[in-house]
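Okay, so here's the structure we're looking at.
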Amino acid sequence: MADQVTVTLPDGSQKSIRRGTTIHEFVKSQIGPGLAKAAVVARLNGQEMDLARPLLEDGKLEILTDRNPEALEVIRHDAAHIVASVVQRLFPGTQVTIGPAIEDGFYYDFAKETPFTPEDLERIEAEANKEIQKDLPFVREEVSADEAIALFEKLGEKYKVEIVKDIVARGAKTLTLYRHGDWVDFCLGPHGPSTGKVGVIKLLSSSGAYWRGDSRNAMLQRIYGTAFFDKKALNEYLKRLEEAKKRDHRRLGKELELFQFHPAAPGAAFWLPRGTAIYTVLSNWMRKLTAENGYQEVKTPLMFSKLLWEQSGHWGKYKENMFLVWDSEGNEHNFSLKPMNCPSHHLMYGFKKRSYRDLPLRFSTFDPLHRNEATGSLGGLTRVRQFSQDDAHIYAMESQITEEAKRFVQLLDRVYNAVGLKYAVKFSTRPVQRLGSDEMWDRAEAALKGALDALGLQAEHKPGEGAFYGPKLDFDVSDSIGRKWQLGTFQVDYLAPSPDRFDLTYVGEDNAEHRPVVIHRAIYGSFERFIAILIEHFAGAFPVWLAPVQATIVTVADRHLDYARAMRDRLRARGFRVELDERNMTLNARIREAQIHKIPFTLVVGDREVADKGVSPRRYGGEDLKFMSAEAFEELLAKEAALP
RNA sequence: GCCGGUGUAGCUCAGUCGGUAGAGCACUCGCCUUGUAAGCGAAAGGUCGCGGGUUCGACUCCCGCCGCCGGCCCCA
């Protein structure tokens with residue numbers, strides 16, 4: 001019948017109802033009032049929409065409740081609207097811009113002369129939660145572009161007018177407004193049925209944010225917040241944040257005495273003995289892995305003449321980020337510290353005539369780099385001014401890209417798996433502004449895609465995000481509070497070998513000169529960022545092979561010290577990182593100390609151990625391994641200290 | 001670089017109304033000689049981030065700078 005629509009529910013059952021019935025009515029009458037009450041938003045034929053929308057055609061219907069993560073996103077967007085309405089009431093003259101739901105919450109950007117103070121946030125939060133109590137319905141309204149523009153012009157909302165005009169220019173036909181109470185916003189939706197569905201709103205912070213993310217634009221005032229269906233879930237979230245703070249690498253770096261910063265060198269770490277131990281283990285491990293994979297380690301100068309940067313193109317594009325060298329009289333020299341290794345590797349490639357038999361040629365290096373990052377962006381080890389990449393450049397024939405990409409990803413996967421890091425792959429392809437022919441981009445992208453497919457690896461496609469000189473793969477890992485950091489990268493570069501740049505060639509089988517492609521790649525990304533992630537990942541309790549101190553010896557009484565010293569020296573001679581706590585404290589206090597420093601093994605030695613030539617090891621966390629001979633412990637340690 | 005917050009002993013933090021600062025832990029010393037997460041006691045430790053200003057007097061109020069933290073931009 002023409003005036004009936006057939007709705008298919010997730011369990012496969014079908015129900016017919018009069019065309020034009022709202023989803024909410026349908027659920028209430030055909031499924032049950034319980035679900036109707038719990039419903040937040042619907043998904044009809046895969047598209048989320050308000051419960052108040054009418055059913056106009058046959059379709060598959062899902063009802064999302066507070067059990068669905070998608071519904072949580074919807075109420076966070078509701079919360080953004082509520083906060084915006086409260087802000088405009090409390091701060092007349094403030095204009096609204098955008099306010100999306102984001103991972104773990106939402107934000108809203110306002111055009112306001114003065115920033116929000118912490119006290120402002122408290123007031124806004126209190127008022128926003130009152131709006132929830134009022135249980136105001138969210139009402140959707142379709143309007144024409146002219147109506148929308150007229151409305152927001154009347155309200156003095158210049159940013160909204162701009163947004164509407166933009167969306168119209170992009171071809172949108174129906175525009176939607178959402179109202180709750182007497183407040184209105186231009187918004188695609190969907191929203192929950194009413195403000196009451198938002199259980200609780202918590203505002204977390206405020207900050208400046210550029211309009212449309214462009215530093216040439218006006219600075220807006222952003223409020224970050226989150227919302228949950230109930231207070232319990234909010235408290236759990238806040239608790240999780242607290243826990244995450246305990247894993248923060250800056251905090252653990254200090255507590256475990258791994259590294260430190262000093263105002264004398266902002267953005268450049270002092271690696272303390274224990275942090276250096278980790279750094280060294282990681283570099284030795286990577287040396288081993290790269291050597292096995294046909295890389296050759298090289299070292300190149302730290303400082304180069306401007307001539308090199310002009311040739312590489314950095315002088316034009318990257319000068320702002322480079323540290324230039326001056327003398328004591330204040331004269332600028334034509335030198336700068338290197339921010340990247342590639343140009344010097346390219347020079348090295350060009351030192352002699354290369355044959356196709358030499359390719360792929362892989363130069364790896366751990367040289368320190370310096371980049372003059374904006375002061376406001378520095379932070380911990382994840383964003384620094386001096387760092388070392390586990391960098392390498394592969395000079396290859398174009399036909400070798402897929403194979404090199406495969407080998408690289410396999411190696412990266414092995415490294416990340418060994419430390420238990422989960423990673424997400426991004427595949428960035430040709431940007432609007434790019435170099436080279438479309439055919440070249442077709443080949444390069446197909447080569448990377450081929451490698452991903454061959455490995456069965458899922459990657460998020462990022463069209464337009466490739467470098468202007470070639471496509472790339474990026475490998476992201478999250479830190480303890482969920483911020484994503486790029487670590488590994490694999491970038492194809494067609495520009496560097498060109499005659500305009502380094503004019504790199506090889507002699508082919510045909511005895512003619514050809515151009516190689518260059519691949520820039522890193523697995524750790526930088527030691528600094530990788531170690532930061534590892535600290536948070538392990539919460540400072542490193543596996544034995546990575547632990548800065550693998551075992552610490554504590555004696556029961558002073559009379560056992562000679563035995564303990566001999567034990568320490570023997571273990572050290574075998575290459576283990578072992579310490580002896582000779583301090584005048586009780587046994588318990590020294591064990592506690594070892595636990596706080598998260599040392600994998602604490603070796604207790606007393607009369608019994610001296611008499612029977614052994615140790616009583618305790619693992620970090622408290623497991624007592626009981627007495628074992630010195631040889632048995634050395635064997636255990638050797639096994640767990642082996643590189644993965 | 002931009003917006004906001006913040007800076008007190010090695011660390012974590014108190015410090016009222018403007019009257020030149022205090023705790024716990026750590027460090028040092030002494031006693032204790034310990035069997036699996038803090039033994040007891042004593043002493044010592046500060047240009048209150050730096051530089052100006054206001055004031056009889058500034059950790060405290062004002063201005064500038066620097067560092068750090070949360071964001072924006074950018075990025076390994």
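Below, each value reflects all heavy atoms present in this structure, side chains not excepted, and no hydrogens, waters or symmetry copies. Chain letters run A, B, ... following the sequence lines, proteins first and then strands; every chain starts at 1.
With Tyr107(A) as the aromatic partner, Arg222(A) meets the cation-pi criteria of under 6.0 angstrom to the ring centre and within 45 degrees of the ring axis. Geometric assessment of Lys239(A) against the ring of Tyr237(A) yields a negative cation-pi assignment under the 6.0 Å and 45° thresholds. Phe542(A) does not carry Lys598(A) over the face of its six-membered ring by the limits of under 6.0 Å from the centre and within 45° of the normal.
Glu113(A) has its CD atom 18 Å from the P atom of rC2(B), to the nearest Å. Separating the CZ atom of Arg592(A) from the C1' atom of rA26(B) is a distance of 12 Å, rounded to the nearest angstrom.
Position along RNA chain B of the nearest nucleotide to Gly606(A) versus Ser215(A) favours Gly606(A) as the more 5'-ward residue. Mapping Tyr524(A) and Gly267(A) onto RNA chain B via the closest heavy atom, the residue that lands nearer the 5' end is Gly267(A).
Judged by atom type and distance alone, Asn584(A) reaches the base of rC32(B) through a side-chain donor-acceptor pair under 3.5 Å. Judged by atom type and distance alone, Glu609(A) reaches the base of rG35(B) through a side-chain donor-acceptor pair under 3.5 Å. Remark: the Arg222(A) side chain and the rC72(B) base include no donor-acceptor N/O pair separated by less than 3.5 Å. Put simply, the side chain of Arg385(A) and the base of rC75(B) share no donor and acceptor less than 3.5 Å apart.
Ring geometry for Phe259(A) versus His249(A): interplanar angle of 30 to 60°, hence tilted.
For the C1' atom pair drawn from rG52(B) and rA44(B), the interatomic distance equals 34 Å after rounding to whole Å. Rounded to a whole angstrom, the distance from the C1' atom of rG30(B) to that of rG67(B) is 41 Å. Of the P atoms belonging to rC40(B) and rC25(B), the separation is 9 Å, rounded to the nearest Å. To the nearest whole angstrom, the two C1' atoms, one in rC66(B) and one in rG22(B), are 27 Å apart. rC68(B) sits 48 Å from rC32(B) when the P atoms are compared, rounded to a whole Å. Nucleotides rG19(B) and rC27(B) place their P atoms 35 Å apart, quoted to the nearest Å. Of the P atoms belonging to rC50(B) and rA21(B), the separation is 16 Å, rounded to the nearest Å. Separation of the C1' atoms belonging to rG10(B) and rG46(B) is 12 Å when rounded to the nearest angstrom.
Pairing of rG7(B), defined by two Watson-Crick or G-U wobble distances under 3.5 Å, is identified with rC66(B).
For the OP1/OP2 pair of rC75(B) and a distance below 4.0 Å, the side-chain nitrogens and oxygens of Gln486(A) include no atom meeting the criterion. At the phosphate of rG10(B), neither OP1 nor OP2 sits under 4.0 Å from any side-chain N or O atom of Lys254(A). Arg619(A) has no side-chain polar atom (N or O) that falls below the 4.0 Å cut-off from OP1 or OP2 of rU36(B). At least one side-chain nitrogen or oxygen of Thr586(A) sits closer than 4.0 Å to the OP1 or OP2 atom of rG39(B). Within the 4.0 Å cut-off from OP1 or OP2 of rC74(B), not a single side-chain nitrogen or oxygen of Tyr210(A) is found. Applying the 4.0 Å criterion to OP1 and OP2 of rC69(B), one finds that Arg250(A) has a side-chain N or O inside that range. Within the 4.0 Å cut-off from OP1 or OP2 of rC27(B), at least one side-chain nitrogen or oxygen of Arg583(A) is found. Contact between the side-chain N/O atoms of Asn588(A) and the OP1/OP2 oxygens of rA38(B) is found at a separation under 4.0 Å. For Thr489(A), no side-chain nitrogen or oxygen approaches OP1 or OP2 of rA76(B) to under 4.0 Å. The phosphate of rA37(B) has OP1 or OP2 within less than 4.0 Å of a side-chain N or O from Arg618(A).
Salt-bridge check for Glu623(A) with Arg618(A): failed, with every basic side-chain N at 4.0 Å or more from each acidic carboxylate O. Salt bridge absent: Glu125(A) and Arg123(A) never bring a charged side-chain N and a carboxylate O closer than 4.0 Å.
Of all nucleotides listed (rU36(B), rG1(B), rG35(B)), rG35(B) comes nearest to the side chain of Asp607(A).
Remark: Lys158(A) NZ is loosely packed, at most 12 non-hydrogen atoms of other residues, nucleotides or ligands lying under 6.0 Å away.
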